[in-house]
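Here is the naming used below: chain letters follow the sequence lines, and residue numbers restart at 1 for every chain. Keep in mind it's a predicted model, so treat the numbers as computed, not measured.
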Amino acid sequence: MTAKRKPESTGRRFVKVCHILDQHDHNPSRLVPILQAVQEEYRYLPQEVLTYVATALGVSPARVFGVATFYAHFTILPKGKHLVRLCDGTACHVKDSVPILRALQKRLGVDDRRKTTEDMLFTVETVACLGACGLAPVVVIDDQVYGQQTPESAVKLVETLITQEAQ
Amino acid sequence: MLKEMKTIEGNMTTTEATKTLTIDGREVPFNGERNLLELIRKAGIDLPTFCYHSDLSVYGACRLCLVDIQGRGVQGACSTPPEAGLKVRTQTEEIREIRKITIELLLANHDQQCPTCPKSSACQLQDIARKLGIRKVRFKPVHQLAELDLSSVSLVRDPNKCVLCGDCVRFCDEIQGVGAIDFAHRGHEAAVLPAFGKGLGEGECINCGQCAAVCPTGALTPRPEVDEVWRALNDPVKTVVVQVAPAVRVAIGEAFGLPSGMSATGQIVAALKRLGFDKVYDTAFSADLTVVEEANEFLKRKAKGEKLPQFTSCCPGWVKFAEQYFPDLLPNLSTCKSPQQMLGSVCKATLPSEMGIPKENLIMVSIMPCTAKKFEAKRPEFAQDGVPDVDHVLTTQELARMIEEAGFRFKELEPESFDMPLGFKTGAGVIFGNSGGVSEAVLRYAAEAVTGRKLGNPDFLSVRGEDGIRLATVTLDGVELKLAVVQGLKNARTLVEKVRRGECQLDLIEVMACPGGCIGGAGQPVTREREVKRLRTRGLYEADKNLDLHKSQENHHVTEMYQKYLGEIGGRKAHHLLHTHYQNRRRIADERMVFGDGPEGDKVKVSVCAGTNCFLKGSQEVLSEVLQCVDAQQLQDQVEVSASFCFEKCDQGPTVRVDGQQLQNCTGKGACAAMRERLKNKVAPE
């Protein structure tokens, strides 16, 4: 997780994709782990990379797209620098997670369809149960868990990040 | 010894045949049926299905062919192999209820605009709902209507009619080896989509339309051009001529209750004249013309031993397939236009002066068994000064619809004859519509051209048949011609790979995308019966027999055409009108990728193509070498290396671009040298 912030040259990233494919012997039945590794690298699954992966594995891009859109873990849209995940599992839901979601969306100008801000700083998603029901309702921002949130407290968390980014 | 084996075999088959199971209380013998569904249908019970198609893999998704097997409960008949002693029931209350609910649920999510649906009356969902007696859908529709996909010139995709049976997906993948569409998303959002949710016309789709032919509903249908044709017919200024492809004549009757394979040429011509077409020509005429050109091209190549094997080029599905996946083999494709385009260019070049009309007032319509012909007619190389050689392409289905709309009683039409001279053909032109027909027609020409003697029996039975890949060797006065006839593009891919690996020495390869050839085209009346295709095939061979001439070189109107307009066979004028060229195509239309961000500031930009063909030719190694070179000489601040997608120079790959300069057949060393050169010039420009 260290020193990965600096964007790498496009050719080098591509070589990494090739490396990932090599590691999996260009085996089409390894498509899911390959896509996981590619998403780790790019933080989403760019169309062009998917086409390349399809070519290299000898399957059609439509098939790869199908797998990439089937699993909730994969995303074909670029995500923002900060990932805001709101738990909407049963416990969080009954503890009013939806108003928190709406407040966050309103503050950041996103909605259920367009989840990433235009400046690519934030992506707001819901997840089904993080297993932290004792802390409901829960918001996770960049792997940091915040429990017992209210719409106001959650918006404050995001605003802190906005201020940091502005500096 | 032989006799003994026979008796043993005989015994074995009898024991096999005595295996039985029970269907609805009746004992039924089975022998070799792949699944219960086949057996049940053989026993005379038509279980409903969407997702079962005998040519495709078993999917078992639609849950309609359910049966009750004693001791096992409810099972899908399509995915259960027959076993001795099974007690199968097909109509229990439970099964009837499940089937009905399944259809109701499908209807709840279905855009039920049946009267305005192009598949109306040929729709399996409609048919099954009627048969099961569904009178009411108890579930509320929750889906929002999705937009129609009109990006393809050959097909219309209506996601609101899809039942997710996957027939289209499996045909495209398993028979055509393309995979242009697949399931995407999940749950209630699941849909059959082209890659990245793009339009059908923006990707790998080769327009064969077989997805529409197997689609049980109106989710995929041929894109109609009927309105445009009516408008032209009703325009007093326009002279509208029409050509009819061979395969149309043995299939259109099906739409009017005539038996499959019965040639209805006379009725088609009569109907077209009544509809208002000024001249009715036969595509089989230009098929004769194609044979003369293509056979000459082939014999020349054979004599020189170059650009072999020669691939046929009359199937537009195959041509696009080859352009996408085999750029290195494009020089091997015959440069001959397809018969449709030959007749189009000949008409547009000769008729205006002959008829004394301005060129822009001449409209050429073609009636084709094929959806890819719509795409072919719109290829830019088939237009002169923006005027297409073929203005509109109607499928057999569309012509049937026009005849229905006009109200003609097709069966009762008094037969009429094609207009001369472009309606005159030999049997060689007619069999073009069958898989193997082009090869046979070329052989009938080549045999006389090589030996210099008259050919007695014109039939070359060795190229006929139903197998996906057929190999034949024909010896003519010591000259050995090795041919292959392929149907289905997955088979074509298999054969091409063999040719590339040098495992297969061939001279001529005929490729037809659709199983059966053009008679099995997606523009033909919809059928699920294999037998129908057999009858159409036989119909064309019979039509050949019913003509007096069987060899294209005997078509005196073709000879006259050369004398009057085309000059020498394969000559300059002929080339101009009858030949074409091919282009490299990337798989996904708008893909021009850079992995990551664009170049910063003043760096030298090196892009290595990572498209399909460059990849196969080792572009990955080229890229690694360039990066190593950059690292070794510490040029990271001066050079931006990227991998990019298809520059459409696939035949000369790997392609590398160094700033503006494009390098073909590039090696790692070559790319590094060009990069250093560029850096030198950049450092000292003044």
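Classification of the Phe321(B)-Trp318(B) ring pair by plane angle, with boundaries at 30° and 60°, yields tilted. Using cut-offs of 30° and 60° on the angle between ring planes, the pair Tyr59(B) and Phe183(B) is parallel.
Using a 4.5 Å cut-off between heavy atoms, Val630(B) contacts chain A through its side chain alone, with no backbone atom that close. Using a 4.5 Å cut-off between heavy atoms, Val64(A) makes no contact with chain B at all. For Ala68(A), no part lies near chain B; criterion is any non-hydrogen pair under 4.5 Å.
Checked options Val53(A), Leu50(A), Leu77(A), Val67(A); the residue passing with Leu45(A) is Leu50(A) (criterion: side chain to side chain contact (heavy atoms under 4.5 Å, CB included)).
Among the candidates Gly197(B), Ser624(B), Ala180(B), Ala190(B), the residue making the largest number of heavy-atom pairs closer than 4.5 Å to chain A is Gly197(B).
Between Lys115(A) and Asp112(A) there is no salt bridge, since no side-chain N of the basic residue sits under 4.0 Å from a carboxylate O of the acidic one.
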